[in-house]
Amino acid sequence: MLYETEMQLLNLKRHPLVGDNEEIEESIFNREVFVCECEINDSLFEDDIQRPFLLNGPLAKAYHMSVESGEQGDTAQNETFLFDILNHQNRFPIYATFFAFEEEDKDNRAFFSQHHMSFTSHVLSRQKQTNGWLRGKRTSTSESHFFTVKIENARMLELFLEHAYRVASMNELFMFSYSDRLSIQQEVETTYRKTRVLEDRFVYPEDTTVVIVDHDGTMLYLLSNEEQFAYDLRTDWANRLRQQLPNDTVIRQLNGEMFADL
């Protein structure tokens, strides 16, 4: 088997298989993916995704995807699948935003500098105000630190995932977008019983695609208003979605419907 392009070589290098070329050739082109189109409502963000971000406008399409399992897949396989999806689009630069532990700040910055990755840092705050009849009014504030990294090619993407994907496996914020117009909206207010929460959130522009890693690194959410993902349901949308996925991927289940080969 010949691997003629850089993309094929990188996909092979990252694939978590051990064996000779025949074993790899037999397995790598049979990755089964389960896809479900999400209902777009408030609970998608508040109950399912549960991440501090918004789209600046309506959302046309949302999917969640996993490898091998309708609920959750394998972390290593999902990392490879994420790399393959982003690499398959061949749209660089892309921008990765992820939660950063304060004690790792120095190491992260050194890594970005070593590999010539441009980055910006962010701090999001969250304030809780509780009015209790017993203890009176109480206020607490916490801060979370994040980086946004500009990824300019497939090799840089590979290095970044090797360095930072464990953040996703710890169920912290780990997401990608094709837009560099990321902003922070302050004091988004929610109220639960007698607790008032004021929190900052990331805001992406409406005309972009966002990929979020969820469920301890075993599943992806893909949110998009771009034509290649957000087309009319009256079209043959299953096959069009398939075209946006890596060539070695077979959609085995789509919205609960099983396929022999799609």
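Here the structure is a predicted model, which means the values were calculated and not measured. One-based numbering along the sequence shown.
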How about Phe202 and Phe146: do any of their side-chain heavy atoms sit closer than 4.5 Å? yes
Please tell me whether Leu157 and Tyr95 are part of a single hydrophobic cluster in this structure, the criterion being side-chain heavy atoms less than 4.5 Å apart. no
Keeping the roles fixed (side chain from Asp200, backbone from Ser125), state whether a donor-acceptor pair exists under 3.5 Å. yes
Could you check whether any side-chain heavy atom of Thr97 comes within less than 4.5 Å of a side-chain heavy atom of Ser177, counting everything from C-beta outward? no
Can you find a heavy atom in the side chain of Val149 that is under 4.5 Å from one in the side chain of Phe112? yes
Between Phe92 and Ala154, which heavy-atom pair has the shortest distance, and what is it? CZ-N, 3.6 Å
Salt-bridge present (Arg181, Asp207; N to O < 4.0 Å): yes
Looking at His88 and Leu245, would you say the former's side chain and the latter's main chain have a donor-acceptor pair under 3.5 Å? yes
For the OG1 atom of Thr249 and the CD1 atom of Ile85, what is their distance to the nearest 0.5 Å? 7.0 Å
Do Tyr204 and Asn56 have side chains that approach each other closer than 4.5 Å (heavy atoms only, starting at C-beta)? no
Taking the side chain as C-beta and beyond, is there a heavy-atom pair between Leu55 and Val203 under 4.5 Å? no
Could you point out which residue of Asp48, Val211, Val213 forms a side-chain contact (heavy atoms from CB on, under 4.5 Å) with Tyr221? Asp48
Rounded distance (nearest 0.5 Å) linking atom OG1 of Thr209 with atom CD of Gln244: 9.0 Å
In terms of side-chain geometry, is the basic nitrogen of Glu172 or Arg166 positioned less than 4.0 Å from the acidic oxygen of its partner? no
Sub-3.5 Å donor-acceptor pair from the side chain of Asp216 to the main-chain atoms of Met170, do we have one? no
CG of Asp84 to OG1 of Thr80, rounded to nearest 0.5 Å, is 6.5 Å
Look at Glu227 together with Lys61 and state whether they make a salt bridge at an N to O cut-off of under 4.0 Å. no
Does the separation of the ring centres of Phe174 and Phe160 fall below 6.0 angstrom? yes
Distance only, no hydrogens: is a donor on one side chain within 3.5 Å (strictly under) of an acceptor on the other, for Ser179 and Thr208? no
Please round to the nearest 0.5 Å and tell me the distance separating atom CG of Asn78 and atom CG of Leu220. 4.5 Å
What heavy-atom pair brings Arg91 and Ile94 nearest, and what distance separates the two atoms? O-CG2, 3.1 Å
Under 3.5 Å side-chain donor-acceptor pair for Thr75 and Thr218: no
Closest heavy-atom pair and its distance - Ile40, Leu44: CA-CD2, 4.3 Å
Considering all heavy atoms, the nearest Leu161-Glu79 contact: O-OE2, 3.6 Å
Evaluate side chain to side chain contact (heavy atoms under 4.5 Å, CB included) for His145 paired with Phe99, printing each intermediate quantity in order. CA-CA 6 Å; His145 296 254; Phe99 174 81; 5.9 Å; no
Do Arg31 and Val250 touch side chain to side chain, with heavy atoms closer than 4.5 Å? no
Decide yes or no on side chain to side chain contact (heavy atoms under 4.5 Å, CB included) for Ile184 and Leu124, but give the supporting numbers first. CA-CA 8 Å; Ile184 295 176; Leu124 269 59; 3.8 Å; yes
Going by distance alone, is a donor N or O of one side chain under 3.5 Å from an acceptor N or O of the other, for Asn108 and His163? yes
Interatomic distance, Ser144 atom OG to Glu102 atom CD [nearest 0.5 angstrom]: 9.0 Å
With a 4.0 Å cut-off on N to O distance, would you call Arg201 and Glu199 a salt bridge? yes
Check whether any side-chain heavy atom of Thr120 lies under 4.5 Å from a side-chain heavy atom of Lys150, and answer yes or no. no
Is it true that Tyr178 and Phe176 have ring centroids separated by less than 6.0 Å? no
Do Leu173 and Val123 sit in one hydrophobic cluster, given that two such residues count as connected whenever their side-chain heavy atoms are within less than 4.5 Å of each other, even indirectly? no
Ignoring hydrogens, what is the shortest heavy-atom contact between Ala96 and Ile151? Give both atom names and the distance. CB-CD1, 3.9 Å
Intermediate values then yes/no, side chain to side chain contact (heavy atoms under 4.5 Å, CB included), Met156 and Asn153: CA-CA 5 Å; Met156 195 174 285; Asn153 53 54; 3.3 Å; yes
Side-chain heavy atoms of Leu223 within contact of Ile212, under 4.5 Å: yes
Could you tell me whether the side chains of Thr148 and His122 share a donor-acceptor contact shorter than 3.5 Å? yes
Would you sort out whether Leu159 and Met117 count as a side chain to side chain contact (heavy atoms under 4.5 Å, CB included), showing the intermediate values? CA-CA 10 Å; Leu159 291 170; Met117 298 179 182; 4.2 Å; yes
So, for Phe45 and Phe53, is the gap between ring centers shorter than 6.0 Å? yes
Of all heavy-atom pairs between Tyr63 and Glu37, which one has the smallest distance, and what is that distance? CD2-CA, 4.1 Å
Rounding to 0.5 Å, atoms OG (Ser66) and CE (Met219) come to a distance of 7.0 Å
